[in-house]
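Take a look at the structure below.
Everything numeric in this text was worked out from a predicted model, so none of it was measured. Letters go in sequence order (proteins before strands), and every chain restarts at 1. These numbers come from the heavy atoms of this one structure, side chains and all, not from hydrogens, waters or symmetry mates.
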Amino acid sequence: MNKLKSVFKFTVLFLLVISVISLPVKANGIEPRANLATVTIFSTKENNHSWLTVKNTSGGTIKVGHLNVSNGDTVSLGTWGNIKQHKGIWYNYELYLGSSKFSTHVSISRNITSTTQLNKFNTTINGRDSWSLLNTCSSFAGSVWDQTFADKVNVGVLPSYLADSIIKLGGYTTNRSMPSRNVSAIYYHTSSGGQQTTPIGGGSSSKSLTDNTVTSFPLEILEDINYMQMNLGK
Amino acid sequence: MINYALPIILFILEGYLYLKVQNRYSLYLIPILLVIGTIIIATSNYTNFANIVTSAPITVHILMNVWVYLLVILASILLIIKKT
């Protein structure tokens, strides 16, 4: 009888240990999975723009740069040197413009599989919130990519060089489509962590942006053009 | 082609005028042509880039296309100064 009891106890204990081991461990609301996020690097074949998109596949909320991204959502990041409000990283501006607004572009994707890799990715992003002639959009996208993944690209100041480098890696996609975002989803990076501002879309200005206007002078000049068009129409 | 070859051809012509033609005023012709070329390229770039999404300021794109013109203008002005 005692032997049967100890066998029963051992079996229950064994099953308990097995079930605890096989339970998903939740840390910061993220269940461990093979992929935390899918990062895609884009670059135009002409010297126009390079940027990154990050799709959260972790099952929880992750931070990309300073922006919280919900599970299944995609965020785009790129540095812009021709926006008066902020010369540096902008979130979701590329998604707002849409894939078709850019000249011919190539892209490849890789997965972030660990929190260490995600932290490295974010550290690089947070350290590169600037735009200059020697630190352009392609320098930003290429550096963040190279710091995060084993497949390196050539980090240069020209998007066309980055595009060539992406093509050399193989498995690239031409003119890949992206999910769309409206103007209220656009943020720019700030040095103080977690603080984002929406200089457009949420303001009290009576001037409005139109989604179908393409311009190399984004936002504030676009607003002026729209304002002029409104006046001319009267 | 037009951004690089044309200013270089014009500079070679400037060199020919410098060596062979005694009239120094004929040397003024080349930098004037180069300045006109620079203005045409800058204006067309300014118009074209209004329809292209790019993250760099328009002046950077224009400079990338006219830098050879600017260099050759500078060199031809130096030649004129040397001649006079």
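- Note that OG1 of B:T59 is 8.0 Å distant from CG of A:L133, once rounded to the nearest 0.5 Å.
- Between B:M64 and A:N47, the shortest heavy-atom contact is CE-ND2, 3.6 Å.
- A:G81 and B:P57 make their closest contact through O-CG, 3.4 Å (heavy atoms, listed as atom of the first residue, atom of the second, distance).
- By the neighbour-count criterion of 12 heavy atoms within 6.0 Å, atom OH of B:Y16 is sparsely surrounded, having that number or fewer from other residues, nucleotides or ligands.
- Taking CH2 from A:W90 and OG from B:S55, the interatomic distance works out to 13.0 Å, rounded to the nearest 0.5 Å.
- By the 6.0 Å contact criterion, CD1 on B:I2 is open, its count of non-hydrogen atoms from other residues, nucleotides or ligands being 12 or less.
- The contact between A:T79 and chain B is made entirely by backbone atoms, counting heavy-atom distances below 4.5 Å.
- Contact of A:W131 with chain B is made through the side chain alone, with heavy-atom distances under 4.5 Å.
- Sparse packing is recorded around CD of A:E46, with 12 or fewer heavy atoms of other residues, nucleotides or ligands lying under 6.0 Å away.
- Side-chain atoms of B:T54 come within 3.5 Å of backbone atoms of A:N48 as a donor-acceptor pair (strictly under, hydrogens ignored).
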